[in-house]
Amino acid sequence: FKSVNPVDRLLLKGLNFFAQIIARTGVAIPSQPSTVKEIMRTYGTAGLTVYSGLTGDSPIKNWAGVGYTEFPNAYKLSDESVIANQKRKYACQACPMACGGIVDIKEGRYKGTVGHKPEYETLCSFGGLILHDDLDTVVEINELCNREGIDTISAGGAVAFAIECYKNGIIDDKQTKGLKLDWGKSAEILKLTEMIIDREGIGDLLADGVKRAAAKLGRGSEAYAVHAGGQELPMHDSRLDEGMGIAYQCEPTPGRHTISSYLYGHLYQTKKRLPGTKKLISAASGKDGKKVALYTGTSILMQLINGSGVCEFGIMCSNLPLTDYLNTVTGWNLSRDDYMKTGERILSMRKAFNAREGVKPADSKLHFRAAGNPPLNAGPLKGKTVDMDNLESQFFTMMGWDPATGGPTKAKMAELGIAELFSK
Ligand code: SF4
């Protein structure tokens, strides 16, 4: 820790303090790979919970609340609180970052539970999203979901949906088997998660996800079913970083937070890694257009990162020359522009696959709450509405995708050399 540069050390020590400043003033501290690296090394993704909760990055109260007024206890699910029970660090094979950890609950009702340190997404989806700040219960739920193969983002989204439905009289005590659902109630939240896993009572409906649950329940419940294309949304607010909205709505796999965003464009150093992105940016018009261009370059970069099996955190937190490494490993001698074309081809092929299978852009529209319709009336995101139609149109144009089918145009397929693959 002492070897860390002084700015990073200050930021690490004052996560809560800086998050409060950012949330209240809107003055952001520029993210830099070295800071993120130190957060990841020290806390893993759990280092970001308080910062995100207070600045408006992580959605609060099923996307209808404000972090610093309605969830001021975000620190209980963040950084030092999370590693207080860490028994040891945990890493993927040979990774020097070791962002994971094994935690051991030593007292209380979950005494004896040993499992993986919850990730940021879990700490938020079973934290601020449902106004719940009991860390031990989150650790217990995390372990339960991991062992049952249940995604904690979707599970947290389903619990948030159920709480709002219950509070608005759409589901009743009979369906919840007597559970009095409300924000922040640990025992009820744990029990409901178990019911989802066991498909018991209302859990049977929720296990299919909020989109299907709302379609069956009706009675206005779709207002609380926050998803894109049936995928419950991750814990990065598209009203703060509109690029997240593009990712959630427009990518071949909707509702993912691990592809691209405006912030990721800087964190992944897209312009340096794929200089062709600069051409996209210069050709784009307006502030929004230039941001969408950076988003586009980053989405293409992510196809290369994922396609080569590299951990995205390693790329995010370093200056590792990905394309040079790929040349060394393969013996190829491709330029960064060649790699950019490869990434573009991967991304477009995935969209072409969807289009061929009949998946249309209309099938993955971002839920209106996540686009700020209506906007929040307080907090860092007050008054913010995202024009998703405009962003989708700009992104599709840059990629050469047809707005009706969502797939690449014939001209784009010919340019990428994939027309034959999709000729039938
Ligand atoms: S490879 Fe990635 S996920 Fe695995 S420990 Fe390293 S940084 Fe974490």
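For the numbers below, each heavy atom of this structure counts, side chains included, while hydrogens, waters and symmetry mates do not. In each ligand, atom 1 is the first atom listed, and ligand 1 is the first ligand listed.
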Consider only side-chain N and O atoms of [X] and [Y], and report whether a donor and an acceptor are under 3.5 Å apart.
| X | Y | result |
| --- | --- | --- |
| Thr405 | Arg356 | no |
| Asn319 | Gln269 | yes |
| Ser52 | Ser58 | no |

Does Tyr295 have any side-chain hydrogen bond (donor to acceptor under 3.5 Å, both in side chains) partners at least two apart in sequence or in another chain, and if so, which?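 Once residues adjacent in sequence are excluded, the partners of Tyr295 under the side-chain hydrogen bond (donor to acceptor under 3.5 Å, both in side chains) criterion are Glu251.
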
I would like to know whether Cys145 and Asp151 meet side-chain contact (heavy atoms from CB on, under 4.5 Å); could you show each step before the answer? CA-CA 7 Å; Cys145 287; Asp151 174 60; over 6 Å; no

Suppose the cut-off is 2.8 Å; which protein N/O/S atoms would you list for atom 8 (Fe) of ligand 1?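 Protein N, O or S atoms closer than 2.8 Å to atom 8 (Fe) of ligand 1: Cys99 SG.
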
Might you work through the side-chain contact (heavy atoms from CB on, under 4.5 Å) test for Asp79 and Thr42, ending with a clear yes or no? CA-CA 8 Å; Asp79 49 280; Thr42 313; over 6 Å; no

